[in-house]
Amino acid sequence: MPTRERRRDAPGADPLARRVLEESADRVAPRLIGCRLVRELEGVRLVGVIVETEAYLGERDRAAHAFGGRRTPRNESMYGPAGTAYVYFTYGMHHCFNVVCAGVGIPQAVLVRAVMPAEGLEAMRARRFRGAADRALCSGPGKLCQAMAIDRALDGADLCVRGPVYLMPPAPGWTPGRVARDRRIGLGDVGAWGTRRLRWLVAASEFVSVGVRRRPGEIAKRNGPARRRRACDAGGDGGPDA
DNA sequence: CGTTCGATTTGCT
DNA sequence: GCAAATCGAACGC
């Protein structure tokens with residue numbers, strides 16, 4: 001079981017060292033488990049312990065926004081230095097938060113899919129839907145952005161220095177317990193890239209995402225031509241975790 | 001409980 | 001035009 005009790009940082013503790021992020025996304029993603037995402041608002045401090053991540057491996061990764069060398073204003077920050085925030089807007093209403101890794105010009109990033117709320121729960125609840133349970137506050141990439149007030153305005157922020165949003169190493173004494181691996185969630189038909197186990201999650205945590213559990217290739221089968229109001233996707237999948 | 005469906009806008013083909 | 005690194009409510013059983 002993950003340690004839930006809060007421990008104090010040493011006075012003046014530093015944010016996560018940038019060198020930790022200057023590696024490929026599949027090496028960084030598991031290392032971000034247990035690190036803390038900190039959001040400083042006026043008068044409020046929101047903190048979540050990262051419990052689920054996904055690696056996106058840049059231009060060769062069919063599931064990545066930078067696949068094939070596609071470089072656009074939207075994903076520009078992914079080409080920046082390690083420690084840069086990449087925040088994008090999708091599905092017409094949700095934001096997703098990523099930690100850029102590797103080096104300048106190498107568009108790799110780690111999507112933070114879920115955090116365990118640790119500080120500022122009241123403010124998080126206020127931003128989420130009415131009556132949201134604690135475990136529903138940040139258990140998904142779109143949810144945590146809503147709860148922690150993360151949007152495109154934070155795209156490009158430096159996560160390795162204290163500011164409106166940044167990362168801290170795991171709290172002293174915090175241990176994740178077993179970390180499970182599984183395939184990434186919500187991808188379209190991306191061939192073999194859809195089955196690679198590029199997602200990491202705290203096995204025993206109740207704060208991980210439920211996941212859309214869509215199978216690879218599922219999206220391609222939806223949306224018949226000229227059938228605007230019938231679009232839908234979903235579909236069972238045993239689901240990962242333990 | 002599990003599955004279906006609408007929302008809503010951008011970015012790129 | 002269309003698909004999207006999603007979410008929550010509405011169904012059906």
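Proteins get letters first, then strands, A, B, ... in listed order; numbering begins at 1 in each. Worth knowing before you read on, the calculation uses all heavy atoms, side chains too, and leaves out hydrogens, waters and symmetry mates.
Between the CD1 atom of A/I185 and the P atom of C/dC7 there is a distance of 10 Å, rounded to whole Å. For the pair A/L57 CG and C/dA5 P, the interatomic distance rounds to 15 Å; values are reported in whole Å. If you take CD of A/E54 and P of C/dT6, they are 8 Å apart, rounded to a whole angstrom. In this structure, CE of A/M93 is placed 12 Å from C1' of B/dC5, rounded to the nearest angstrom. The separation between A/Q146 atom CD and C/dC7 atom C1' is 9 Å, rounded to whole Å. When the C1' atom of B/dT9 is taken as reference, atom NE2 of A/H94 falls 12 Å away, rounded to whole Å. Put simply, NE2 on A/H95 is 13 Å from P on C/dC7, counting in whole angstrom units. One can place CZ of A/R135 at 13 Å from P of C/dG8, the figure rounded to the nearest angstrom.
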Any N/O pairs under 3.5 Å between the protein and nucleotides 10-13 of chain B? List them or say none.
residue : atom : partner : partner atom : Å
B/dC12  : OP1  : A/T72   : OG1          : 2.2
B/dT13  : OP1  : A/R70   : NE           : 3.2

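Using a cut-off of 4.0 Å between Lys/Arg side-chain N and Asp/Glu carboxylate O, A/R125 and A/D134 are scored as salt-bridged. Using a 4.0 Å cut-off between a side-chain N of Lys or Arg and a carboxylate O of Asp or Glu, A/E119 and A/R45 qualify as a salt bridge.
When A/V112, A/L46, A/L37, A/V115 are each tested for a side-chain contact (heavy atoms from CB on, under 4.5 Å) with A/C138, only one passes: A/V115. Tested against A/E52 for a salt bridge (Lys or Arg N to Asp or Glu O under 4.0 Å), the candidates A/R181, A/R113, A/K143 yield a single pass: A/R113.
Nucleotides C/dA5 and B/dC5 are separated by 22 Å at their P atoms, to the nearest Å. For C/dC2 and B/dT8, the C1' atoms lie 14 Å apart once the distance is rounded to whole Å.
You'll find that the side chain of A/R128 is closest to C/dC7, out of C/dA5, C/dC7, B/dA7. Ranking C/dC7, C/dA9, C/dA4 by closeness to the A/F129 side chain, first place goes to C/dA9.
Closest approach of A/Y86 to A/V100, counting heavy atoms only: CB-CG2, 3.9 Å. For A/S205 against A/V51, the heavy-atom pair with the smallest separation is OG-CG1, 4.0 Å.
Of the possible donor and acceptor atoms, none in the side chain of A/R184 sits under 3.5 Å from a partner among the backbone N and O of A/L198.
By the 30° and 60° cut-offs, the orientation of the rings of A/H65 relative to A/Y88 is perpendicular.
Helical stems in DNA chain B, defined as runs of 3 or more consecutive Watson-Crick or G-U wobble pairs with donor-acceptor distances under 3.5 Å: B:1-7 with C:6-12, B:9-12 with C:1-4.
Residue-to-nucleotide contacts include a donor-acceptor pair under 3.5 Å from the side chain of A/Y88 to the base of C/dA5.
Crowding of A/R18 atom CZ: a count of heavy atoms from other residues, nucleotides or ligands under 6.0 Å exceeding 12.
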